[in-house]
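Position 1 is the first residue of the sequence; numbering continues from there.
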Amino acid sequence: MGTNYTRYNRRRLEALVNNINRIALLAVLLAAGGALVAKAAAGGQSAIDPKQQALLKRLFPAATAFSPKGGDPPHFKAFSTDPRSGQTLLGLAFWTTELEPFERAYDGPIKILVGMDTKGLLTGVIVTEHHEPYGDFSVDRPEFAAQFKGKNIRDAFKVGVDIDAISRATISVTSASRAIRNSARRVARELLTPDAAK
């Protein structure tokens, strides 16, 4: 009886382990399937994090939806939704550091989120990262960003001409202005209609 009893317990233990393995495999498959469904629901891309969403909403207050970042050059799309006509593209947003990575200020790169409508007019710029060695008096001031709202990408973007100069911050202002201009023109050339990119 001892040998049969041991075989019986061993078989029961093996059956239990097999059942546990099946359950674990099923859980992994369900989790993977759920992730695929979520990704498909988001248009094949991951969702936008809340901080990024808030920045985009500042650039496009009338937008009802934003696409996740994608494409070449990398960009977000801002949409308005109308029950009768569906979604309408309001414009595009992009990071200057992803399009003009070598533009640097006095003490390193300036990370700027730029919004542009479908006609090539800037809806705004948001400086999110900037390091100035002598204090906050440069491109991180609200006055700097405010002067770009409504600016046409065909403008010169010349400091002292159509961009306000800031004393003691010439390098940063010139670099940031050039990054905004060059990245906006590149996005317009590659993603907007020919009229907007001229």
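- Arg104 contributes atom CZ, which lies 9.0 Å from atom OG of Ser175 (distance to the nearest 0.5 angstrom).
- Contact of the Pro101 side chain with the Trp95 side chain is not registered, since no non-hydrogen atoms from C-beta on lie closer than 4.5 Å.
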Sequence neighbours excluded and cut-off under 3.5 Å, please list the side-chain donor-acceptor pairs for residues 75-84, or say none.
unit_1	atom_1	unit_2	atom_2	d
His75	ND1	Gly70	O	3.1
His75	ND1	Pro73	O	2.8
Thr81	OG1	Thr64	OG1	2.7
Asp82	OD1	Arg84	N	2.7
Asp82	OD1	Ser85	N	3.4

Point to revise | Full working for side chain to side chain contact (heavy atoms under 4.5 Å, CB included) between Leu113 and Leu56 | key: CA-CA 8 Å; Leu113 184 64; Leu56 293 169; 4.2 Å; yes

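- Considering NZ of Lys151 and CG of Leu122, their distance stands at 8.0 Å, rounded to 0.5 Å.
- A donor-acceptor pair is defined here as one N or O able to donate and one able to accept, closer than 3.5 Å; such a pair exists between the side chain of Arg185 and the backbone of Ile153.
- Here the closest non-hydrogen pair linking Ile126 and Leu55 is CD1-O, 3.5 Å.
- Using a 4.5 Å cut-off on side-chain heavy atoms (C-beta onward), Lys69 and Gln52 make no contact.
- Phe102 CZ to Thr97 OG1: the interatomic distance, rounded to the nearest 0.5 Å, is 12.0 Å.
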Point to revise | side chain to side chain contact (heavy atoms under 4.5 Å, CB included) evaluation trace for Val114 with Thr96 | key: CA-CA 7 Å; Val114 179; Thr96 56; 3.7 Å; yes

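- Closest non-hydrogen pair, Arg178 versus Glu103, comes out as NE-OE2, 2.6 Å.
- Under a hydrophobic-cluster definition in which Ile, Leu, Val, Met, Phe, Trp and Tyr are linked whenever side-chain heavy atoms come within less than 4.5 Å, directly or via other members, Leu121 and Ile180 are assigned to different clusters.
- A distance-only check finds no donor-acceptor pair linking the side chain of Ser172 to the backbone of Ala105 [under 3.5 Å].
- The distance from the CG atom of Asp140 to the CD atom of Glu129 is 11.5 Å, given to the nearest 0.5 Å.
- Within 6.0 Å of NZ on Lys149 lie no more than 12 heavy atoms contributed by other residues, nucleotides or ligands.
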Exercise for review: I would like to know whether Leu192 and Leu92 meet side chain to side chain contact (heavy atoms under 4.5 Å, CB included); could you show each step before the answer?
Suggested key: CA-CA 9 Å; Leu192 295 180; Leu92 307 168; 3.8 Å; yes

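- Residues forming a side-chain contact (heavy atoms from CB on, under 4.5 Å) with Ala156 (at least two apart in sequence, or on another chain): Lys158, Asp162.
- Pro74 has its side chain within reach of Leu99: a pair of non-hydrogen atoms, C-beta onward, lies under 4.5 Å apart.
- No donor-acceptor distance shorter than 3.5 angstrom exists from the side chain of Thr174 to the backbone of Ile171, with no hydrogens or angles considered.
- In the hydrophobic clustering of this structure, Val159 groups with Val125; members are Ile, Leu, Val, Met, Phe, Trp, Tyr whose side-chain heavy atoms approach within less than 4.5 Å, directly or through other members.
- Contact record, Ala176 with Val139: CB-CG1, 3.9 Å, taken as the closest heavy-atom pair.
- Considering only residues two or more places apart in sequence or on other chains, Glu100 meets the side-chain hydrogen bond (donor to acceptor under 3.5 Å, both in side chains) condition with none of them.
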Check your understanding: Could you walk me through whether Asp117 and Leu90 pass the side chain to side chain contact (heavy atoms under 4.5 Å, CB included) check?
Key -> CA-CA 6 Å; Asp117 72 11; Leu90 293 177; over 6 Å; no

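- How far CG of Leu191 is from CE of Met116: 7.5 Å, rounded to the nearest 0.5 Å.
- The side-chain heavy atoms of Gln147 and Ile163, taken from C-beta on, include a pair separated by under 4.5 Å.
- Atom CD1 of Ile110 is separated from atom OG of Ser177 by 8.5 Å, given to the nearest 0.5 angstrom.
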